[in-house]
Amino acid sequence: MRQEFFIFILVAIAALVVAISYDTSKANTKLTEVAQASKLPQLQQHPLPASLAQWQDQSNSGDYFSEIKPTEVGYLVWSQLPVKVYIQQPHAETHNADRLQSWANEVLQAIQEWNVYLPLQVVEQPEVADIKILRLSPPLRIAPNEKFPRARSAETTYELYVSSNRVLSHRCSILLSPNQTGQYLQAAARHEFGHALGIWGHSPNPNDALYFSQVRNPPPISARDVNTLKRVYQQPTRLGWLLPRA
């Protein structure tokens, strides 16, 4: 019987259609006895995925790795590839099924852009997915130093768990607002999926997909985005490693 222990950290992309906010509040920081440092795996580096190892930035664009913060278990690196992705699909009998299918297709288009840099596999069953993308409005949250909750158009969360073979693992969920369409939906999906792949922070450059605020003409994945992702995957992490026996 698998025991799972969870921790959630939240990231939001947009407040209404104006700004992207980054919320690192913890909904549950209890990992029970697994949270004891002596029982967590040591920080170790995984082999660099072949697609990232082969990536070379001919433009020398640099990166924004200094803006990426490790979590309590290190950087959010996927070590079992391909990363399995579930995108919510409408049922045939669902009202406005065509519009919902269009939403799923636009999200898929944005997600496939990342497949060039990290191998992905779209799956039909949400229970087997590493990353789930759902057509839901993120809950209202109050940011630090604010009195009123702010509406957000997208949000990424992750949770840690211990697999049946005692490997410290994680999975992600992405909520995308049903009200977004077209290039803004694709920009939100592209941005949040960058978080889910491991870029747990924001770029200060509006030409990057992980820029901290929404822009009028959303950019594609930039060389700086990929350079940053590559540096993340060169870092040590506790994820993907066997827990030591007590």
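All values reported here derive from a predicted model rather than from experimental measurement.
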A.B. asks: I'd like to know if Leu108 and Val116 are part of one continuous hydrophobic network [Ile/Leu/Val/Met/Phe/Trp/Tyr, side-chain heavy atoms within less than 4.5 Å].
C.D. replies: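 Yes, it is one cluster - the side chains of Val116 and Leu108 are joined through contacts under 4.5 Å.
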A.B. asks: Hey, are Gln45 and Gln235 close enough side-chain-wise for a donor-acceptor pair under 3.5 Å?
C.D. replies: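 No, no side-chain donor-acceptor contact under 3.5 Å.
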A.B. asks: Kindly give the heavy-atom pair with the smallest separation between Ser177 and Trp103, and that separation in Å.
C.D. replies: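 For Ser177 and Trp103, the tightest heavy-atom pair comes out as O-NE1, 3.9 Å.
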A.B. asks: Within the structure provided, determine whether Thr156 and Ser173 are in side-chain contact (heavy-atom separation under 4.5 Å).
C.D. replies: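 No, too far: nothing below the 4.5 Å cut-off.
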A.B. asks: How far does CD of Gln186 sit from OG1 of Thr181, to the nearest 0.5 angstrom?
C.D. replies: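 Between Gln186 CD and Thr181 OG1, I get 10.0 Å after rounding to 0.5 Å.
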A.B. asks: Other hydrophobic cluster members with Val123, side-chain heavy atoms of Ile/Leu/Val/Met/Phe/Trp/Tyr under 4.5 Å, chained?
C.D. replies: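 Listed partners: Tyr86, Val128, Leu134, Leu136, Leu175.
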A.B. asks: Using a distance-only test with no angle check, is there a side-chain donor-acceptor pair under 3.5 angstrom linking Asn105 and Gln109?
C.D. replies: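 No donor-acceptor contact under 3.5 Å links the two side chains.
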A.B. asks: So how far is it from Leu48 CG to Tyr233 OH, rounded to the nearest 0.5 Å?
C.D. replies: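 Those atoms lie 10.0 Å apart.
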A.B. asks: Evaluate whether atom CD of Gln80 has more than 12 neighbouring non-hydrogen atoms of other residues, nucleotides or ligands under 6.0 angstrom away.
C.D. replies: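 Counting other residues, nucleotides and ligands, CD of Gln80 stays at 12 neighbours or fewer.
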A.B. asks: How many angstroms lie between atom CD of Gln214 and atom OG of Ser153, to the nearest 0.5 angstrom?
C.D. replies: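 Answer for the CD-OG pair, Gln214 versus Ser153, is 6.0 Å.
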A.B. asks: Are side-chain heavy atoms of Glu106 and Gln183 found at a separation under 4.5 Å?
C.D. replies: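 Counting from C-beta outward, Glu106 and Gln183 never come under 4.5 Å.
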A.B. asks: Heavy atoms only: give me the nearest Pro206-Pro219 pair and the separation to one decimal.
C.D. replies: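 Shortest heavy-atom separation between Pro206 and Pro219 comes out as O-CG, 3.5 Å.
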A.B. asks: Looking at Arg238 and Ser169, would you say the former's side chain and the latter's main chain have a donor-acceptor pair under 3.5 Å?
C.D. replies: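 Checking the backbone N and O of Ser169 against the side chain of Arg238, no donor-acceptor pair under 3.5 Å is found.
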A.B. asks: Where do Leu81 and Val83 land on the side chain to side chain contact (heavy atoms under 4.5 Å, CB included) test, with the steps shown first?
C.D. replies: CA-CA 5 Å; Leu81 301 173; Val83 180; 3.7 Å; yes
A.B. asks: When clusters are formed by joining ILVMFWY residues with side-chain heavy atoms under 4.5 Å apart, either directly or through shared neighbours, do Trp114 and Val232 land in the same one?
C.D. replies: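 Linked, Trp114 and Val232 end up in one cluster.
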A.B. asks: Mind running side chain to side chain contact (heavy atoms under 4.5 Å, CB included) on Leu239 and Val77 for me, showing each step along the way?
C.D. replies: CA-CA 7 Å; Leu239 291 169; Val77 170; 5.8 Å; no
A.B. asks: Would you say Gln88's side chain and Arg135's backbone share a donor-acceptor pair under 3.5 angstrom?
C.D. replies: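 A pair under 3.5 Å: yes.
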A.B. asks: To check you understand the geometry: which heavy-atom pair defines the closest contact between Leu176 and Ala189, and what is its length?
C.D. replies: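 Scanning both residues, the minimum pair turns out to be CD1-CB, 3.9 Å.
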A.B. asks: Are Tyr184 and Leu100 linked, directly or through intermediate hydrophobic residues, by side-chain heavy-atom contacts shorter than 4.5 Å (ILVMFWY only)?
C.D. replies: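 As far as the 4.5 Å side-chain criterion goes, Tyr184 and Leu100 are not connected within one cluster.
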A.B. asks: Where is the tightest heavy-atom contact between Pro119 and Ser51, given as atom of each residue plus distance?
C.D. replies: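 Taking Pro119 first and Ser51 second, the nearest heavy atoms are CD-OG, 3.7 Å.
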A.B. asks: Can you tell me how far the CD1 atom of Ile87 sits from the CD atom of Glu124, to the nearest 0.5 Å?
C.D. replies: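 Between atom CD1 of Ile87 and atom CD of Glu124 there are 11.5 Å.
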A.B. asks: Examine Tyr161 and Trp241 and state if one hydrophobic cluster contains both, with Ile, Leu, Val, Met, Phe, Trp and Tyr joined whenever side-chain heavy atoms are less than 4.5 Å apart.
C.D. replies: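 In one cluster: no.
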A.B. asks: Under 4.0 Å between a side-chain nitrogen and a carboxylate oxygen: does that hold for Arg171 and Asp130?
C.D. replies: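 Answer for the salt bridge query: no.
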A.B. asks: Is there a donor-acceptor contact under 3.5 Å linking the side chains of Asp225 and Thr228?
C.D. replies: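 The answer is no; no qualifying pair exists.
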A.B. asks: Regarding Ser59 and Asp57, is there a side-chain donor-to-acceptor distance under 3.5 Å anywhere?
C.D. replies: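 On atom types as modelled, these side chains qualify, holding a pair under 3.5 Å.
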A.B. asks: Of all residues at least two apart in sequence or in a different chain, which pass the ring-ring contact (aromatic ring centres under 6.0 Å, His included) check with Tyr117?
C.D. replies: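 Tyr117: ring-ring contact (aromatic ring centres under 6.0 Å, His included) contacts with Trp55.
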A.B. asks: Answer yes or no: is there a donor N or O on one side and an acceptor on the other, between the side chain of Thr237 and the main chain of Leu43, under 3.5 Å?
C.D. replies: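 Between the backbone of Leu43 and the side chain of Thr237 there is no qualifying donor-acceptor contact (under 3.5 Å).
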A.B. asks: From Lys132 NZ over to Glu127 CD, what is the distance, rounded to the nearest 0.5 angstrom?
C.D. replies: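 Spacing of NZ (Lys132) from CD (Glu127) equals 9.0 Å.
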A.B. asks: Under a 3.5 Å threshold, yes or no: a donor from one side chain and an acceptor from the other, between Ser203 and Asp208?
C.D. replies: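 Side-chain D/A pair, Ser203 to Asp208: present.
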A.B. asks: Measure the spacing between CG of Leu168 and CG of Leu243 and express it to the nearest 0.5 Å.
C.D. replies: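 Leu168 atom CG to Leu243 atom CG measures 5.5 Å (nearest 0.5 Å).
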A.B. asks: Compute the centroid of each ring, for His170 and then for Trp78, and state whether the two points are separated by less than 6.0 Å.
C.D. replies: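 Yes, ring centres under 6.0 Å apart.
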A.B. asks: Can a cation-pi geometry be assigned to Arg224 and Tyr64, taking NZ or CZ under 6.0 Å from the six-membered ring centre and within 45° of the ring axis?
C.D. replies: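 Judged by the rule, Arg224 and Tyr64 form no cation-pi pair.
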A.B. asks: Should Val167 and Ile131 be counted in the same cluster of Ile, Leu, Val, Met, Phe, Trp and Tyr side chains packed under 4.5 Å apart?
C.D. replies: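 Hydrophobic grouping puts Val167 apart from Ile131.
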A.B. asks: Hey, are the side chains of Ser222 and Asn207 touching, using non-hydrogen atoms and a 4.5 Å cut-off?
C.D. replies: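 No - every pair of side-chain heavy atoms lies 4.5 Å or more apart.
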A.B. asks: What I'd like to find out is whether the side chain of Pro139 reaches to under 4.5 Å of the side chain of Glu155, using heavy atoms alone.
C.D. replies: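 SC-SC contact between Pro139 and Glu155 confirmed.
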A.B. asks: Taking Asn227 for its side chain and Gly62 for its backbone only, find out whether a donor-acceptor pair lies under 3.5 Å.
C.D. replies: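 Pair found, side chain donor or acceptor close to backbone of Gly62.
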A.B. asks: Do Leu210 and His191 have side chains that get closer than 4.5 Å, going by heavy atoms?
C.D. replies: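 Result yes, sub-4.5 Å side-chain heavy-atom pair found.
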A.B. asks: Give the minimum heavy-atom separation between Pro244 and Arg166, together with the two atoms involved.
C.D. replies: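 Scanning both residues, the minimum pair turns out to be O-NH2, 3.0 Å.
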